[in-house]
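Notes follow the structure.
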Amino acid sequence: MSAIPWSVYIGFDSREAEAFAVCRSSIADRLTAPIPIYGIVLDYMIDAGLYNRPTEIRDGKMWDVISEAPCSTEFAISRFLTPHLAKRNRKDNEAAGWALFMDCDMLARENLVRLFELADSRYAVMCVKHKHTPPSGKKMDGQAQINYARKNWTSLTLYNCD
């Protein structure tokens, strides 16, 4: 019997380790299928040679050198490794299927199997396209609140990894 071709990836930020643990637990407590749950930990991605995008610290905050933009979390960019990680975590003869990425500050209140059941193979990526304009100023840990098109679309993303 082959494994269910679904997986969940949660962005990990060392400043939000407790939020990550709560998010992971809230998912695991509600799942009705054996779906693996992984963390995307930037230090591990760098050590494994999977992430080499140049970043630096500016004014005490992580900064993406390529886009010339601040990164509010350690997984701001590494979240996009989700499809690659899903493929790596499968056995050779198994389809990678669908992988769900979630920010660590989320709480699952329902069984996430329901999201996977909505997956439509016509699409490479599925997300909620909403308009979100947060108030200007600061957000968590004094990070600058930056408004941009498609704000938070990648906070919960379902990837078709096949």
Side-chain angles (χ1 to χ4, degrees), residues 1-48 50-51 53 62 64 71-135 139-141 143 145-162:
M1 182 174 143
S2 67
I4 293 173
W6 298 336
S7 51
V8 175
Y9 291 81
I10 305 167
F12 178 85
D13 188 297
S14 56
R15 298 166 299 163
E16 298 183 331
E18 288 180 14
F20 174 88
V22 169
C23 179
R24 188 178 197 291
S25 179
S26 73
I27 295 166
D29 290 349
R30 289 164 181 79
L31 282 177
T32 57
I35 299 173
I37 305 168
Y38 303 97
I40 295 183
V41 182
L42 184 59
D43 288 343
Y44 294 161
M45 299 299 110
I46 292 169
D47 290 347
L50 296 171
Y51 188 94
R53 190 174 175 100
M62 187 172 162
D64 183 78
C71 298
S72 295
T73 64
E74 294 170 10
F75 55 86
I77 306 293
S78 61
R79 71 181 69 225
F80 299 109
L81 288 170
T82 299
H84 177 73
L85 296 172
K87 290 176 186 176
R88 276 178 59 111
N89 287 326
R90 302 304 284 189
K91 293 183 174 116
D92 290 337
N93 61 342
E94 292 179 332
W98 288 87
L100 178 69
F101 173 83
M102 300 176 64
D103 284 0
C104 66
D105 60 356
M106 294 184 167
L107 183 69
R109 296 177 58 199
E110 296 284 337
N111 181 3
L112 292 186
V113 167
R114 294 177 64 193
L115 280 179
F116 288 102
E117 290 171 343
L118 295 173
D120 186 332
S121 62
R122 294 178 297 167
Y123 303 108
V125 180
M126 297 178 71
C127 66
V128 177
K129 299 176 180 181
H130 60 281
K131 291 186 182 198
H132 177 60
T133 307
K139 58 182 184 178
M140 62 168 221
D141 297 329
Q143 300 288 324
Q145 181 65 267
I146 299 171
N147 289 319
Y148 51 88
R150 300 175 186 95
K151 179 82 170 173
N152 291 341
W153 285 21
T154 60
S155 294
L156 183 79
T157 310
L158 196 55
Y159 292 96
N160 182 347
C161 301
D162 294 328

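Bear in mind that the values here come from a model prediction, so they are computed numbers and not experimental data.
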side-chain contact (heavy atoms from CB on, under 4.5 Å) between I37 and L31, intermediate numbers included: CA-CA 10 Å; I37 305 168; L31 282 177; 4.0 Å; yes
Exercise. Backbone N or O of D105 within a donor-acceptor pair of the E16 side chain at under 3.5 Å?
Worked result: no
Query - R53 side-chain N/O to D64 backbone N/O, donor-acceptor pair under 3.5 Å - result: no
Quick one, [X] and [Y] - any side-chain contact, counting heavy atoms below 4.5 Å?
| X | Y | value |
| --- | --- | --- |
| Y51 | I77 | yes |
| T157 | T82 | no |
| S7 | R90 | no |
| I27 | I10 | yes |
| W6 | V113 | yes |
| L85 | L50 | yes |
| M62 | L42 | yes |
| L100 | L112 | yes |

Which atom pair, heavy atoms only, marks the closest approach of [X] to [Y]?
| X | Y | result |
| --- | --- | --- |
| Y123 | W98 | O-CH2, 3.5 Å |
| M102 | C23 | CE-SG, 4.0 Å |
| M106 | S155 | CE-O, 3.3 Å |
| D162 | A96 | OD1-N, 3.0 Å |
| A108 | S26 | N-OG, 2.9 Å |

What's the separation between atom [atom1] in [X] and atom [atom2] in [Y], rounded to the nearest 0.5 Å?
| X | Y | atom1 | atom2 | result |
| --- | --- | --- | --- | --- |
| R30 | R109 | CZ | CZ | 8.5 Å |
| F101 | I40 | CZ | CD1 | 5.5 Å |
| R88 | C161 | CZ | SG | 13.5 Å |
| M45 | H84 | CE | NE2 | 9.0 Å |

Residues 75-85 vs salt bridge (charged side-chain N to carboxylate O under 4.0 Å, His left out), sequence neighbours excluded, gives R79-D103
Applied to residues 31-48, the side-chain hydrogen bond (donor to acceptor under 3.5 Å, both in side chains) test, sequence neighbours excluded, yields T32-N111
D120 meets the salt bridge (charged side-chain N to carboxylate O under 4.0 Å, His left out) criterion, sequence neighbours left out, with R122
Sorted by chain and residue number, the side chain to side chain donor-acceptor pair (under 3.5 Å) partners of E18 (sequence neighbours excluded) come out as none
Across all chains, not counting sequence neighbours, the side chain to side chain donor-acceptor pair (under 3.5 Å) partners of Y9 are N89
Contacts satisfying ring pair (Phe, Tyr, Trp, His ring centres under 6.0 Å) that involve residues 10-29 (not counting sequence neighbours) are F12-F20
